[in-house]
Amino acid sequence: MREIEDINLLNEVKYYNHLLYEAEYYGEKNKDDIWNLIKDNKEVLNGAINITKNKWNEDTLYGRVIAEEILNNYNDVPSDIYEKLIKIIYSNKDIAKTTLNLSHRGYSFLLLTFHNPNLKLTEEQKKFAQEEAITNYNAHGVAPFDIRYHILMNDNFSITEKADLIYDFYEDDNVYNLYLDMWEWSIINSDRVSKNLNANLLNEYSRKDLDNIYNNKSEADKIYEEITMCKLFHDMRPRKWEITLQDNFVYTKK
């Protein structure tokens with residue numbers, strides 16, 4: 001842990017952190033304007049992600065709101081700053097569980113890292129995320145879209161790994177079946193697609209079908225990915241009645 005010794009830097013970090021907090025939670029200031037003052041200031045960014053202790057003697061960061069903005073705007077900041085924050089999160093459970101913005105449905109710092117599709121995790125970092133997903137998933141998002149779901153959707157984890165994790169994450173068959181239904185219905189009920197997709201034909205849509213339905217390619221890509229992954233989850237962990245209908249599933253069963 002490296003404490004900030006420069007009192008001027010400490011005050012500057014606190015000042016900008018407070019401005020961002022007010023803009024985020026009270027809307028009295030323009031958050032984008034404040035962030036534009038911070039994002040290229042490496043001294044402030046570095047200071048913000050230094051570790052200190054809170055009143056409960058837990059590890060925390062000097063500028064937690066700034067740190068959250070770094071995670072939400074990873075392309076805006078110097079790569080070494082972002083990478084430093086990632087290493088801190090994936091090595092410190094107190095920091096990983098930090099949750100600030102209720103509008104993100106309880107997204108922790110660890111969960112926010114999964115918003116970056118290009119983030120490459122080491123094997124050690126993957127293990128850290130998996131352990132948190134098994135032992136502390138309630139600290140990282142809201143079920144059924146907590147960290148377990150995000151790991152299953154993430155490209156850092158292989159299909160073989162996911163085929164095991166889908167059993168590790170959800171020991172109860174009834175809970176898993178309910179969540180799988182909710183994942184599929186979230187696609188249908190989303191504001192993006194509710195008037196365009198047929199729930200009874202969800203698994204039948206091809207990529208070309210979605211291109212014909214949506215003008216936005218990135219939106220079609222996202223929807224197709226979600227549909228494809230849900231189909232894969234059925235294959236990895238079929239329900240009992242599904243197994244009786246088909247015997248060619250490719251999945252790892254505990």
Side-chain angles (χ1 to χ4, degrees), residues 31-32 71-76 101 103-107 111-121 126 129 133 137 140-167 169-170 173-253:
K31 190 173 75 170
D32 290 339
L71 294 172
N72 287 329
N73 301 280
Y74 47 85
N75 287 324
D76 284 354
N101 194 341
S103 67
H104 285 152
R105 294 175 58 81
Y107 276 24
L111 189 52
L112 286 176
T113 68
F114 284 89
H115 280 182
N116 181 358
N118 299 316
L119 176 62
K120 302 301 180 185
L121 300 178
K126 286 167 57 179
Y137 62 85
H140 305 286
V142 178
F145 297 99
D146 54 56
I147 191 171
R148 296 171 294 182
Y149 171 79
H150 287 266
I151 287 177
L152 292 174
M153 295 291 290
N154 190 268
D155 289 340
N156 279 286
F157 300 85
S158 69
I159 297 299
T160 302
E161 289 172 322
K162 292 176 182 179
D164 284 339
L165 290 173
I166 204 166
Y167 285 89
F169 290 167
Y170 311 102
D173 285 339
N174 292 327
V175 170
Y176 167 71
N177 291 341
L178 173 63
Y179 286 1
L180 183 53
D181 281 341
M182 293 174 73
W183 295 334
E184 291 177 328
W185 275 106
S186 74
I187 302 172
I188 299 299
N189 291 330
S190 168
D191 292 339
R192 304 167 301 174
V193 299
S194 59
K195 296 181 179 179
N196 298 305
L197 293 186
N198 186 322
N200 296 321
L201 300 175
L202 183 64
N203 293 329
E204 306 301 323
Y205 286 103
S206 68
R207 184 64 181 80
K208 185 177 180 180
D209 292 333
L210 296 175
D211 280 335
N212 291 333
I213 294 173
Y214 304 105
N215 295 324
N216 188 319
K217 182 181 182 301
S218 63
E219 195 64 58
D221 286 341
K222 181 63 175 174
I223 295 166
Y224 184 68
E225 177 189 13
E226 292 174 4
I227 292 174
T228 301
M229 288 306 300
C230 283
K231 289 167 66 174
L232 186 58
F233 296 153
H234 279 282
D235 198 33
M236 290 175 174
R237 188 174 176 176
R239 294 150 173 173
K240 290 181 180 179
W241 65 267
E242 291 176 324
I243 295 176
T244 63
L245 296 177
Q246 187 174 352
D247 61 3
N248 63 342
F249 287 99
V250 180
Y251 68 100
T252 302
K253 188 174 183 180

In this structure, CE of Met153 is separated from CD of Glu226 (nearest 0.5 Å) by 5.5 Å
Applying salt bridge (charged side-chain N to carboxylate O under 4.0 Å, His left out), can you list everything that pairs with Lys208, at least two apart in sequence or on another chain? none
Taking the six-membered ring for Trp, are Tyr176 and Trp183 parallel (under 30°), tilted (30 to 60°) or perpendicular (over 60°)? perpendicular
Let me confirm one number: the CG-OH distance from Asp209 to Tyr224, rounded to the nearest 0.5 Å. 9.5 Å
In short, Lys162 meets Met236 closest at the heavy-atom pair CB-CE, 3.6 Å
Heavy-atom distance under 4.5 Å between the side chains of Thr113 and Tyr74, does that happen here? no
Go through the steps for Tyr170 and Leu178 under the test side-chain contact (heavy atoms from CB on, under 4.5 Å), then give the verdict. CA-CA 11 Å; Tyr170 311 102; Leu178 173 63; over 6 Å; no
Which atoms form the tightest heavy-atom contact between Tyr149 and Pro144, and what is the distance? CB-O, 3.4 Å
Considering all heavy atoms, the nearest Ile187-Ile227 contact: CD1-N, 3.9 Å
Inspect the contact between Asp173 and Arg237 and indicate whether a charged nitrogen and a carboxylate oxygen are less than 4.0 angstrom apart. yes
By side-chain contact (heavy atoms from CB on, under 4.5 Å), which residues pair with Asn203, not counting sequence neighbours? Glu184, Lys231
Mind checking the CG-CZ spacing from Leu111 to Phe145? Nearest 0.5 Å is all I need. 12.0 Å
Please confirm whether Arg148 makes a cation-pi placement over Tyr137, using NZ or CZ under 6.0 Å from the six-membered ring centre and within 45° of the ring normal. yes
To the nearest 0.5 angstrom, please state how far the CG atom of Asp211 sits from the CG atom of Asn216. 10.5 Å
Report yes if some heavy atom in the side chain of Val142 is under 4.5 Å from a heavy atom in the side chain of Asp146; otherwise report no. no
Between Phe169 and Ile151, is any pair of side-chain heavy atoms under 4.5 Å apart? yes
Do His150 and His140 touch side chain to side chain, with heavy atoms closer than 4.5 Å? no
So NZ of Lys126 and CD of Glu161: to nearest 0.5 Å the spacing works out to 3.5 Å
Over 12 non-hydrogen atoms of neighbours within 6.0 angstrom of CZ in Phe157: yes
Salt bridge (Lys or Arg N to Asp or Glu O under 4.0 Å): pairs with one or both residues in residues 149-160, sequence neighbours excluded: none
How far apart are the closest heavy atoms of Cys230 and Leu180, and which atoms are they? O-CD1, 4.2 Å
Hey, do the aromatic rings of Tyr107 and His115 have their centres closer than 6.0 Å? yes
For the atom pair CG (Leu202) and CH2 (Trp185), what is the distance rounded to the nearest 0.5 Å? 9.0 Å
Side-chain heavy atoms of Phe114 within contact of Leu119, under 4.5 Å: no
